[in-house]
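One structure below.
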Amino acid sequence: MAHADADAGDLPPPPAKKKKSPTEEEAEKRRKKLTPGSLMKGLIRSGGGDATPAEGDQVIVHCTTRTIDGIIVNSTRREHGGKGVPLRFVLGKSKMILGFAEGFPTMLMGEIAMFKMKPQIHYAEEDCPVTAPDGFPKDDELQFEIEMLDFFKAKIVAEDLGVVKKIIDEGKGWETPREPYEVTARITARTGDGKELLPSKEEPYFFTIGKSEVRDMLGDGRLIKRRVVDGKGEFPMDCPLHDSLLRVHYKGMLLDEPKSIFYDTRVDNHGEPLEFCSGEGLVPEGFEMCVRLMLPGEKSIVTCPPDFAYDKFPRLPANVPEGAHVQWEIELLGFEMPKDWTGFTFQEIMDDAEKIKTTGNRLFKEGKFELAKAKYEKVLREYNHVHPQDDDEGKIFANSRSSLHLNVAACYQKMGEYRKSIDTCNKVLEANPVHVKALYRRGMSYMLLGDFDDAKKDFEKMIAVDKSSEPDATAALNKLKQTIQETEKKARKQFKGLFDKKPGEISEVGVGEPEGNKTDTTGSGEAASTADRDTDAKEAIPRADSGLAFEEERPGLLARIWPSASRIFSSLGLNRFKVVGVSTVDVQVKAYANAAWPAAAGIPVDLLVSSPYSAHISLLVLVMAISNNVTYQSLYYLRNLLI
């Protein structure tokens with residue numbers, strides 16, 4: 001026995017059990033809650049391969065939850081009312097219901113399975129780490145349809161799992177970039193449902209770890225500003241956001257293979273920096289946009305597409321080809337803000353305002369209407385704080401302000417914003433109703449908009465208030481006449497053959513749409529009030545038979561051709577029309593038309609109520625407005641054709 005005891009004492013001690021991590025202990029504790037039948041799996045579609053997800057893998061799944069009766073509770077799939085964005089979990093790291101933690105590791109890539117779970121296996125689990133969505137039947141037995149879209153070994157970058165890395169292609173070496181390394185990278189960004197936000201492109205992104213601020217200036221990845229040396233001051237308060245005199249050194253390079261330098265101020269400008277005033281179109285648009293967001297002393301690298309570089313810039317360098325992507329290395333040395341007018345005499349204010357206006361005039365001639373308008377509007381804002389001291393100064397000030405307003409109106413006119421041009425002219429005419437230039441500019445805007453009647457009134461008023469303006473006004477009236485003729489010729493084809501009945505032969509109006517799509521209305525309308533008739537009569541050009549009233553109800557022309565159309569318009573809430581006295585549009589239809597009218601260039605429906613055909617015309621144009629197939633000029637011609 002003594003010998004045996006001695007031998008036993010010579011044996012090595014048993015190996016110590018490996019201590020489990022808190023995560024493993026928690027998983028084992030939860031696993032004990034599983035009971036026979038509490039978690040059951042049914043295979044809907046087999047997966048591929050032999051690999052299954054393991055701890056540390058990120059799984060990407062679609063999930064649809066149903067009751068035992070098959071009613072869908074929620075889903076990630078679009079066809080079931082979801083957003084189409086799959087769920088993502090990192091096994092062993094992410095918080096999830098027990099059924100997922102036990103079910104996911106059993107699935108193959110591409111597999112679709114149905115997991116039937118008792119309440120204690122999903123959200124009704126005691127101390128469940130995740131909260132059930134509002135209204136979720138957590139106390140019911142549920143079915144979870146899971147599709148395993150993908151799984152892979154995940155690199156946890158952020159402890160909150162906000163950033164998870166998947167290695168697609170292994171890199172070389174062991175070193176990784178750190179501050180202050182410069183990095184060249186191609187980047188593509190997609191949403192969870194695969195929608196591309198930042199497309200892949202040939203030109204890589206450049207940035208410096210820890211030092212760089214990358215700013216996407218256009219929001220589409222084409223114009224990128226990358227700060228490589230910090231400037232002095234607070235962003236953006238100390239940036240040259242407003243028009244200023246700027247001093248910069250810059251080097252311009254073509255983004256071709258050798259990155260050829262086409263300009264360097266330190267070499268090609270005898271070491272002197274470039275000085276320019278912002279807001280005057282003296283440098284390419286992309287260049288100025290980025291410099292305005294720099295601090296003094298800052299150095300940035302800007303990659304710029306052709307349309308914001310030199311393609312639209314009149315001073316194209318000889319060695320920059322059309323369509324070239326460029327890169328600028330820019331250093332902002334400093335800037336000077338323009339002096340405000342505090343302490344200036346009235347004459348000094350007027351002289352400074354004239355300089356800014358002259359700059360705006362140059363920009364206007366160069367076709368840079370936005371920049372020109374900004375110059376004029378800047379002076380107008382400053383004029384709010386200028387107070388003339390006598391009548392002579394008041395007259396000079398008023399003339400200068402009117403001139404600036406008319407220049408703004410000219411910019412709006414060139415930009416195609418005719419309503420804004422008219423509104424700006426009105427500011428001048430409110431102060432001086434016989435201002436000839438304002439009448440002329442407003443008349444031209446009316447003509448371009450297609451409001452020919454108002455245009456004619458303005459041109460004729462020019463002659464009435466100032467005989468010396470008669471040549472200009474006559475030329476404008478001739479231009480107006482020519483424009484009307486061209487419009488009528490064009491519109492005549494559009495409306496040819498639409499109205500084959502005389503007013504006395506119809507009581508309800510059907511509407512024909514282009515390309516054979518016919519519509520009609522049924523129902524009942526109410527007679528217009530005396531006030532409505534008076535209003536309409538004033539707006540209309542009178543005609544002899546405008547007082548006819550028709551009480552008989554019978555199907556309209558197109559209602560007879562297409563009887564089912566009445567049901568379509570009834571479903572839209574459009575009642576039939578009656579032509580009573582001076583024709584009016586049913587209030588319900590008028591409201592509907594006004595709601596749809598922005599598609600028809602903002603023309604008021606009341607413009608059409610000017611003939612016995614008005615109900616016919618209004619419904620026709622309503623249909624055309626909805627289909628975006630109407631213009632103000634066409635309406636003008638149609639009205640004059642029928643009155």
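Just so you know, residue 1 is the first one in the sequence shown, and it goes up from there. What's counted below: heavy atoms across the whole structure, side chains too, no hydrogens, waters or symmetry copies. This is a predicted model, so every value here is computed, not measured.
The shortest side-chain heavy-atom distance between Ile156 and Val90 falls under the 4.5 Å cut-off. Residues Phe287 and Cys304 have side chains not in contact (no heavy-atom distance under 4.5 Å, counting atoms from C-beta outward). In this structure, the side chains of Trp341 and Glu382 come closer than 4.5 Å at one or more pairs of heavy atoms. In this structure, Leu477 and Lys456 have side chains that are in contact, with non-hydrogen atoms separated by less than 4.5 Å. In this structure, Asn361 and Tyr376 have side chains that are in contact, with non-hydrogen atoms separated by less than 4.5 Å. Between Thr191 and Val85, every side-chain heavy-atom pair lies at or beyond the 4.5 Å cut-off. Side-chain contact between Pro236 and Leu241 is present, with heavy atoms from C-beta onward closer than 4.5 Å. Counting heavy atoms from C-beta on, the side chains of Phe346 and Phe397 come closer than 4.5 Å.
Counting non-hydrogen atoms of other residues, nucleotides and ligands closer than 6.0 Å to CD of Glu175 gives a total above 12. A 6.0 Å sphere centred on CD of Glu79 holds more than 12 heavy atoms belonging to other residues, nucleotides or ligands. For Lys153, the NZ atom is densely surrounded, since the number of other residues' heavy atoms within 6.0 Å is greater than 12. Counted within 6.0 Å of CG on Asn384, heavy atoms from surrounding residues, nucleotides or ligands total more than 12; the atom is thus considered enclosed.
Asp423 pairs by the side-chain hydrogen bond (donor to acceptor under 3.5 Å, both in side chains) definition with nothing, not counting sequence neighbours. Under the side-chain hydrogen bond (donor to acceptor under 3.5 Å, both in side chains) criterion, Glu486 pairs with Gln482, not counting sequence neighbours. Remark: Arg292 engages Asp243, Glu288 in a side-chain hydrogen bond (donor to acceptor under 3.5 Å, both in side chains) (not counting sequence neighbours).
By the 30° and 60° cut-offs, the orientation of the rings of Phe364 relative to Phe369 is perpendicular.
For His62 and Thr76, the side-chain atoms include at least one donor-acceptor pair closer than 3.5 Å. Side chain to side chain, Lys251 and Thr265 fail the donor-acceptor criterion of an N or O pair below 3.5 Å. Gln347 and Asp351 share a side-chain donor-acceptor pair at under 3.5 Å. Ser400 and Tyr383 share a side-chain donor-acceptor pair at under 3.5 Å.
Ring pair Phe452/Tyr446: centre-to-centre distance not below 6.0 Å. Aromatic rings of Phe151 and Phe89 (six-membered ring for Trp) have centroids beyond the 6.0 Å cut-off, not under it.
Applying the salt bridge (charged side-chain N to carboxylate O under 4.0 Å, His left out) test to pairs two or more places apart or on separate chains, those with a residue in residues 160-171 are Asp150-Lys166. Under the salt bridge (charged side-chain N to carboxylate O under 4.0 Å, His left out) criterion, the residue pairs touching residues 298-307 are Arg222-Asp307, Lys225-Glu298, with sequence neighbours excluded. Within the structure, salt bridge (charged side-chain N to carboxylate O under 4.0 Å, His left out) pairs that include any residue of residues 324-347 comprise Arg247-Glu336, Arg266-Glu331 (at least two apart or interchain).
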I would like to know whether Val59 and Arg88 meet side-chain contact (heavy atoms from CB on, under 4.5 Å); could you show each step before the answer? CA-CA 6 Å; Val59 297; Arg88 297 169 184 264; over 6 Å; no

Using the rule given for side-chain contact (heavy atoms from CB on, under 4.5 Å), can you reason through His249 versus Leu332, listing the C-alpha separation, both sets of side-chain angles and the distance that settles it, and then say yes or no? CA-CA 7 Å; His249 269 306; Leu332 177 60; over 6 Å; no

